[in-house]
Amino acid sequence: MIKIKTRAEIELIRKSALLVSKTLGILAKEVKPGVTTLFLDKLAEEFIRDHGGIPGFLGLYDFPNTLCMSPNAQVVHGIPNDKPLLEGDIISIDCGVLMNGYYGDHAYTFEVGEVNEKTKKLLQITKESLYEGIRAFKIGNRVGDVGHAIQSYVENHDYGVVRELVGHGLGKKMHEDPQMPNFGRKGQGKKFKNGMVVAIEPMINLGTHKIQQLKDGWTILTKDRLPSAHFEHDVALVDGKPELLSTFKFIYDAMGIESNEENEFISNYNENQK
Ligand code: MG
Ligand code: MG
């Protein structure tokens with residue numbers, strides 16, 4: 001069942017999402033060759049707890065850490081370890097926070113040092129496909145419209161859309177209805193309604209869409225071992241339109257990048273409207 005959120009609930013989800021955004025901003029400064037994913041994991045846990053949150057993934061379905069850290073051919077759900085990141089790696093960092101009873105959940109794929117052009121392009125197109133998906137999260141559309149927007153965008157570039165893992169509703173639970181696949185048909189699936197909050201998260205492979213799972217029971221990786229990218233935002237449907245609750249702003253600030261990519265999804269909500 002899809003849970004419709006009140007404005008007050010949306011603002012609580014925004015608080016949790018923004019703590020994730022700030023955590024990713026802190027990590028952005030530290031992602032470089034030689035750093036271990038376990039070090040980044042500890043940093044994130046400390047930052048989240050210092051700011052009044054609880055790591056949302058730690059212990060969820062028995063996941064052992066604060067961050068899902070998935071380098072290169074790993075798609076998602078990688079477990080932090082003591083192997084240093086290498087020049088030319090990419091690393092998907094997915095982070096969850098629970099605060100005031102509501103979850104935030106978002107992710108960014110970082111470049112470690114200088115990355116080759118093919119992989120850079122994969123990251124760029126995957127991030128753009130996330131915004132294509134968010135644009136389709138509006139009144140009059142259905143779940144399949146978001147999936148279709150993402151799939152058609154990335155398949156134009158011959159990339160593979162992971163089928164087995166999907167986005168999701170978000171709120172008092174990390175994973176709520178509806179499931180939000182990154183593939184689909186226009187006009188199919190559940191209808192969008194104001195007050196829905198979802199995590200949209202394309203997982204896009206340079207080669208085949210097929211995946212495998214490691215024996216650790218968590219790590220998902222591409223079958224052909226080519227790289228995979230993953231970007232995730234938390235989005236509310238307000239007044240018929242998508243409103244971004246998470247932001248990559250803190251990441252871009254850390255990197256010294258100026259970006260206006262989120263501008264079209266920023267709310268005109270303010271304190272007076274409460
Ligand atoms: Mg998610
Ligand atoms: Mg996530």
Side-chain angles (χ1 to χ4, degrees), residues 2-3 5 10 13-28 37 40-41 44-45 47-48 53-71 74-80 90-99 102-110 123 126-127 129-131 133-134 137 143 146-147 150 161-183 196-204 211 218-221 228-237 242 244-248 250-251:
I2 296 174
K3 292 205 170 78
K5 274 79 180 183
I10 290 171
I13 299 169
R14 185 198 304 280
K15 277 190 181 153
S16 298
L18 281 179
L19 183 48
V20 176
S21 303
K22 287 175 186 166
T23 306
L24 293 175
I26 295 292
L27 298 172
T37 49
L40 297 173
D41 185 74
E45 178 172 1
F47 185 80
I48 291 166
I54 298 168
F57 297 162
L58 186 63
L60 185 72
Y61 317 118
D62 290 327
F63 188 75
N65 289 83
T66 293
L67 301 174
C68 292
M69 304 283 268
S70 312
Q74 294 188 12
V75 179
V76 286
H77 301 169
I79 298 174
I90 55 169
I91 176 91
S92 153
I93 304 185
D94 194 353
C95 180
V97 157
L98 174 62
M99 201 164 56
Y102 289 85
Y103 280 98
D105 169 25
H106 88 120
Y108 192 91
T109 302
F110 294 87
L123 297 187
T126 303
K127 182 149 64 75
S129 80
L130 168 60
Y131 292 114
I134 293 171
F137 180 51
V143 165
V146 168
I150 293 169
V161 178
V162 173
R163 307 294 202 271
E164 292 84 347
L165 299 135
V166 297
H168 49 93
L170 182 73
K172 284 186 179 167
K173 291 199 180 141
M174 172 75 74
H175 297 120
E176 297 186 353
D177 284 340
Q179 292 201 341
M180 297 286 294
N182 299 303
F183 56 93
M196 283 177 70
V197 177
V198 296
I200 299 178
E201 48 178 319
M203 289 154 258
I204 308 299
I211 56 162
W218 281 107
T219 311
I220 305 291
L221 72 174
S228 180
H230 176 217
F231 292 86
E232 178 177 22
H233 265 314
D234 300 335
V235 195
L237 188 45
L244 216 48
L245 304 180
S246 52
T247 176
F248 294 144
F250 300 102
I251 295 171

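FYI, the numbering just counts along the sequence from 1. Counting convention: from 1, in listed order, for ligands and their atoms alike. Heavy atoms only: backbone and side chains are in, while hydrogens, waters and symmetry mates are out.
Partners of F231 under the ring pair (Phe, Tyr, Trp, His ring centres under 6.0 Å) rule, at least two apart in sequence or in another chain, are Y108.
Note: H233 and H106 have parallel aromatic rings, judged against thresholds of 30 and 60 degrees for the angle between ring planes.
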K127 and E232: salt bridge (Lys or Arg N to Asp or Glu O under 4.0 Å), yes or no, with the steps? CA-CA 9 Å; K127 182 149 64 75; E232 178 177 22; over 6 Å; no
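The two residues K15 and M99 make their nearest non-hydrogen contact at O-CE, 3.7 Å.
A ring-centre distance under 6.0 Å is found for H175 and Y61.
Using modelled atom types and a 3.5 Å distance limit, the side chains of D105 and H168 yield a donor-acceptor pair.
Note on the Mg ion (ligand 1): protein N, O or S atoms under 2.8 Å away count 4, no waters included.
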